[in-house]
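Taking it in order: structure first as structure tokens, then the write-up.
Please read these numbers as outputs of a predicted model, since none were measured by experiment.
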Amino acid sequence: MAIIKKILSLLFLVVLFISAVACNKDVIKENSEEKPLKEENVVKVEEAEILFNNYSKELYTIKDPSNPPTFDEIAEKIKLYLTEEQYNAEIANRKFQMPELVSKQINKSIEVQDVKLEEQRKNGDGKIDYLYTTTFKVYDENSSKIYEKEGELTISTTNNELKIDREWSRGVKIDGLDGGL
């Protein structure tokens with residue numbers, strides 16, 4: 001009789017252990033499932049491309065290299081495309097000054113030709129990460145060359161407006177420059 005009690009006790013512990021593990025898996029599964037985004041926070045790739053295309057054109061387009069827009073002029077135009085944090089980071093990094101300096105140094109105009117986004121990941125907070133390729137034409141009356149710049153981008157919805165939350169690239173080497181754009 002004592003052996004039967006021990007076997008039943010052991011069997012009861014095994015069943016209890018299996019039940020606890022099975023319940024724990026359901027809890028982990030529930031917590032790890034991606035929560036659906038609210039419809040108003042969903043970023044569509046077409047809308048993100050329009051936003052990033054407009055941002056890129058405002059940032060990089062230099063029609064007259066002898067009289068390019070100033071840092072302050074570019075910064076003012078770009079402000080509406082960026083979150084406040086990203087805007088302040090780009091101001092601190094003097095990013096808005098690069099197109100002006102490049103255009104003056106090589107004495108050529110810069111024009112954004114195309115922007116392509118490839119969605120990488122949807123975050124639970126409504127932000128979406130993208131890889132991007134921006135195609136530039138650097139030209140004057142004698143020559144023209146196309147360059148591609150690749151980078152990463154995060155777009156979010158702030159007050160029901162799309163904003164660039166993060167943008168990073170390695171830059172692109174421009175002929176005639178030690179640095180790049």
Side-chain angles (χ1 to χ4, degrees), residues 41-123 125-181:
N41 290 336
V42 174
V43 178
K44 295 182 178 119
V45 72
E46 298 83 13
E47 294 170 345
E49 279 185 341
I50 291 169
L51 173 78
F52 191 61
N53 189 28
N54 291 338
Y55 163 81
S56 297
K57 285 181 177 180
E58 293 289 354
L59 177 60
Y60 294 110
T61 299
I62 306 288
K63 293 182 180 186
D64 181 4
S66 64
N67 187 26
T70 65
F71 175 90
D72 292 331
E73 291 169 339
I74 293 172
E76 190 60 36
K77 289 180 184 177
I78 294 300
K79 192 173 192 170
L80 69 115
Y81 299 104
L82 303 171
T83 62
E84 186 175 345
E85 296 82 17
Q86 182 64 21
Y87 178 76
N88 291 334
E90 290 189 11
I91 290 284
N93 291 332
R94 311 271 317 151
K95 180 176 181 173
F96 306 140
Q97 193 171 27
M98 292 306 300
E100 171 193 3
L101 295 175
V102 167
S103 182
K104 277 184 175 179
Q105 189 172 355
I106 62 175
N107 197 30
K108 293 187 178 187
S109 299
I110 303 171
E111 180 181 314
V112 174
Q113 298 285 298
D114 192 28
V115 169
K116 297 268 191 253
L117 296 181
E118 180 185 330
E119 188 175 304
Q120 291 300 297
R121 182 180 62 180
K122 290 182 181 177
N123 302 311
D125 58 1
K127 296 178 183 178
I128 300 181
D129 297 328
Y130 297 92
L131 292 180
Y132 74 81
T133 303
T134 303
T135 306
F136 300 95
K137 180 169 97 172
V138 178
Y139 65 97
D140 62 13
E141 57 276 347
N142 299 321
S143 66
S144 176
K145 186 164 182 181
I146 302 294
Y147 296 92
E148 284 190 349
K149 182 177 183 176
E150 296 179 340
E152 299 173 8
L153 176 72
T154 301
I155 294 184
S156 64
T157 303
T158 304
N159 297 326
N160 293 323
E161 292 181 328
L162 293 182
K163 298 284 185 177
I164 296 168
D165 193 64
R166 178 187 65 91
E167 193 250 329
W168 174 87
S169 76
R170 289 184 182 88
V172 61
K173 175 80 172 101
I174 305 288
D175 293 346
L177 284 179
D178 291 335
L181 187 61

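- Put simply, CZ on Arg121 and NZ on Lys127 are 11.0 Å apart, with the number rounded to the nearest 0.5 Å.
- Between Val138 and Ile106 there is a side-chain heavy-atom pair separated by less than 4.5 Å.
- The pair Arg170-Glu150 fails the salt-bridge criterion, with no side-chain N (NZ, NE, NH1 or NH2) lying under 4.0 Å from an Asp/Glu carboxylate O.
- Once rounded to the nearest 0.5 Å, the distance linking OG of Ser56 with OH of Tyr81 reads 10.0 Å.
- The closest side-chain heavy-atom distance from Trp168 to Tyr132 is not below 4.5 Å.
- The shortest distance between side-chain heavy atoms of Asp129 and Leu153 does not fall below 4.5 Å.
- At distances below 3.5 Å, at least one donor-acceptor pair connects side-chain atoms of Ser109 with backbone N or O atoms of Lys63.
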Verdict with reasoning, Asp114 to Thr134, per side chain to side chain contact (heavy atoms under 4.5 Å, CB included): CA-CA 6 Å; Asp114 192 28; Thr134 303; over 6 Å; no
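- Looking at Phe136 and Ile174, their side chains never come closer than 4.5 Å, going by heavy atoms from C-beta outward.
- Of all the heavy atoms in Leu117 and Glu49, the pair that sits closest is N-OE2, 3.1 Å.
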Steps toward side chain to side chain contact (heavy atoms under 4.5 Å, CB included) verdict (Val172, Glu148): CA-CA 7 Å; Val172 61; Glu148 284 190 349; over 6 Å; no
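- Gln113 places no side-chain N or O within 3.5 Å of a backbone atom of Ile146 that could act as its donor or acceptor partner.
- Distance check, rounded to the nearest 0.5 Å: CD1 of Ile74 to CE of Met98 gives 11.0 Å.
- Using a 4.5 Å heavy-atom threshold, the side chains of Thr133 and Val115 count as separate.
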Glu100 vs Lys104, salt bridge (charged side-chain N to carboxylate O under 4.0 Å, His left out): CA-CA, chis, key distance, verdict: CA-CA 6 Å; Glu100 171 193 3; Lys104 277 184 175 179; 3.7 Å; yes
Step-by-step side chain to side chain contact (heavy atoms under 4.5 Å, CB included) determination, Lys116 to Glu118: CA-CA 7 Å; Lys116 297 268 191 253; Glu118 180 185 330; over 6 Å; no
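- A donor-acceptor pair shorter than 3.5 Å cannot be found between the side chains of Thr70 and Asp72.
- Interatomic distance, Ile91 CD1 to Gln97 CD, rounded to the nearest 0.5 Å: 10.5 Å.
- Judged purely by atom type and a 3.5 angstrom limit, Lys163 uses its side chain to pair as donor or acceptor with the backbone of Leu80.
- Smallest separation of non-hydrogen atoms from Ser103 and Pro65: OG-CB, 3.1 Å.
- From Thr83, atom OG1 reaches atom CG of Leu162 across 12.5 Å, with rounding to the nearest 0.5 Å.
- Side chain of Tyr147 to main chain of Asp175: a donor-acceptor pair is present (N/O by atom type, distance under 3.5 Å, no hydrogens or angles).
- Going from atom OG of Ser66 over to atom CG of Asn107 covers 7.0 Å, rounded to the nearest 0.5 Å.
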Worked verdict on Tyr130 versus Thr154 for side chain to side chain contact (heavy atoms under 4.5 Å, CB included): CA-CA 6 Å; Tyr130 297 92; Thr154 301; over 6 Å; no
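- Between Asp165 and Gln86 the shortest heavy-atom distance is O-OE1, 3.3 Å.
- Both tests do not hold together for Lys108 against Tyr139: distance to the six-membered ring centre under 6.0 Å, angle to the ring axis within 45°.
- A heavy-atom distance below 4.5 Å is found between the side chains of Pro99 and Ile62.
- Ile128 places none of its side-chain heavy atoms less than 4.5 Å from the side chain of Ile155.
- Between the side chain of Thr157 and the backbone N or O of Asn160, no donor-acceptor pair lies under 3.5 Å.
- Judged by distance alone, with hydrogens and angles left aside, the side-chain atoms of Asn123 form no donor-acceptor pair with the main-chain N or O of Asp125 at under 3.5 Å.
- In summary, the aromatic rings of Phe96 and Phe71 are positioned with their centroids under 6.0 Å apart.
- Side chain to side chain, Tyr60 and Lys149 meet the donor-acceptor criterion of an N or O pair below 3.5 Å.
- The shortest side-chain heavy-atom distance between Val112 and Thr135 does not fall under the 4.5 Å cut-off.
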